[in-house]
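This one's a predicted model, so the numbers in the text were calculated from it and none came from an experiment. Note that the numbering runs from 1 along the sequence shown for the chain.
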Amino acid sequence: MLHMPAHPTEAEPARDTTSAQAQIPFFDAVERGRLREVEALLAQGYGFNVGDSPLMKAAQQGNAQMVKFLLHRHADVNYRNANDGETALLRAAKFAGSGGISDTHAIDFRQTLALLLKAGANPDTPDRNGGLPLFFAPTTWAIRALLAAGADPHAASSHPPLFGGWGPTRRRSSS
């Protein structure tokens, strides 16, 4: 006699939601700003193992709406990529000067930075090479936001950025 499951869902094999291949639709939805799809995938157990987090992807794109959504879903605001040590705040600060165009979401780096800082992102968390969000912030408004959140303007690094001209004394654009 064959054992028949009491519920049809018992017959389904466990779904792979964390392998690199399974994460492709999840990260695609994050990058395209499709909130409903991200919410549905999160409900199914989709996530990530290593590398960039969904919050990092949304932050580097200036997608404040997705950042807000992910923070409400308890994304780790201070998660560091195991490969480069970067955080969502560092990514948002680094890309804050880029205007960009998106047909899927509004690009708003000011709001993205504000949301991350309000959620407790540490403005003095260095990347693997010692670079800080303040080192990479390309605009005056981003520098001011980081300083207002407590970034140390005198922070020194035992591993300075790998390219010249960056650092707290570098002349910045005022946009």
Side-chain angles (χ1 to χ4, degrees), residues 23 26-43 46-157 161 166-168 170 172-175:
Q23 292 177 33
F26 176 64
F27 275 94
D28 183 58
V30 169
E31 290 176 357
R32 294 181 186 274
R34 296 189 299 242
L35 289 173
R36 289 187 187 135
E37 190 175 337
V38 171
E39 186 170 32
L41 290 168
L42 285 172
Y46 281 78
F48 70 102
N49 289 328
V50 295
D52 288 353
S53 71
L55 186 63
M56 291 173 74
K57 290 288 191 185
Q60 83 181 33
Q61 294 178 340
N63 187 342
Q65 185 179 16
M66 183 64 73
V67 167
K68 184 176 184 178
F69 171 78
L70 292 169
L71 289 171
H72 283 299
R73 294 294 305 246
H74 309 289
D76 181 356
V77 74
N78 287 306
Y79 168 82
R80 294 177 72 187
N81 178 315
N83 299 316
D84 58 20
E86 292 187 357
T87 64
L89 182 65
L90 190 136
R91 293 279 178 88
K94 187 187 283 189
F95 290 94
S98 62
I101 300 173
S102 174
D103 58 354
T104 60
H105 62 273
I107 297 174
D108 188 345
F109 282 102
R110 288 178 193 252
Q111 182 66 19
T112 298
L113 272 174
L115 287 165
L116 293 169
L117 291 168
K118 183 177 180 185
N122 182 345
D124 287 327
T125 299
D127 66 12
R128 190 179 68 191
N129 293 317
L132 298 165
L134 196 57
F135 290 1
F136 295 108
T139 63
T140 303
W141 65 261
I143 293 167
R144 287 184 180 140
L146 292 166
L147 291 172
D152 181 0
H154 304 291
S157 172
W166 288 88
R170 183 181 143 245
R172 316 269 181 181
S173 68
S174 60
S175 55

Supply the atom-to-atom distance [X] [atom1] to [Y] [atom2], rounded to the nearest 0.5 angstrom.
X	Y	atom1	atom2	value
Leu134	Leu132	CG	CG	7.0 Å
Leu55	Asp76	CG	CG	8.5 Å
Leu146	Trp141	CG	CH2	9.0 Å

Exam field: side chain Arg128 to backbone Asp84, donor-acceptor pair closer than 3.5 Å: no
Donor-acceptor under 3.5 Å (Arg91 side chain, Lys57 main chain): no
Closest approach of [X] to [Y] (non-hydrogen atoms, all atoms of both residues):
X	Y	value
Ala142	Leu113	CB-CD1, 3.8 Å
Leu117	Ala145	CD1-O, 3.7 Å
Gln60	Phe95	O-CB, 3.6 Å
Pro133	Ala93	O-CB, 3.8 Å
Pro123	Ala149	CG-O, 3.7 Å
Gln111	Ala64	CG-CB, 3.5 Å

Might you work through the side chain to side chain contact (heavy atoms under 4.5 Å, CB included) test for Leu89 and Thr125, ending with a clear yes or no? CA-CA 9 Å; Leu89 182 65; Thr125 299; over 6 Å; no
pair [X]-[Y]: side-chain heavy atoms closer than 4.5 Å:
X	Y	result
Leu116	Val77	yes
Met66	Leu35	yes
Asp28	Arg34	yes
Phe109	Thr139	no
Thr87	Asn122	no

Verify the neighbour count for atom CD of Glu37: are there more than 12 heavy atoms of other residues, nucleotides or ligands below 6.0 Å? yes
Could you walk me through whether Asn63 and Thr112 satisfy the side chain to side chain contact (heavy atoms under 4.5 Å, CB included) test, starting with their C-alpha distance in whole Å, then the side-chain angles of each, then the deciding distance to 0.1 Å, before giving a yes or no? CA-CA 7 Å; Asn63 187 342; Thr112 298; 5.8 Å; no
Can Lys94 and Glu86 be counted as an ion pair, charged N to O under 4.0 angstrom? yes
I'd like to check the side chain to side chain contact (heavy atoms under 4.5 Å, CB included) partners of Arg73; sequence neighbours left out, ordered by chain and number. Glu39, Leu42, Phe69
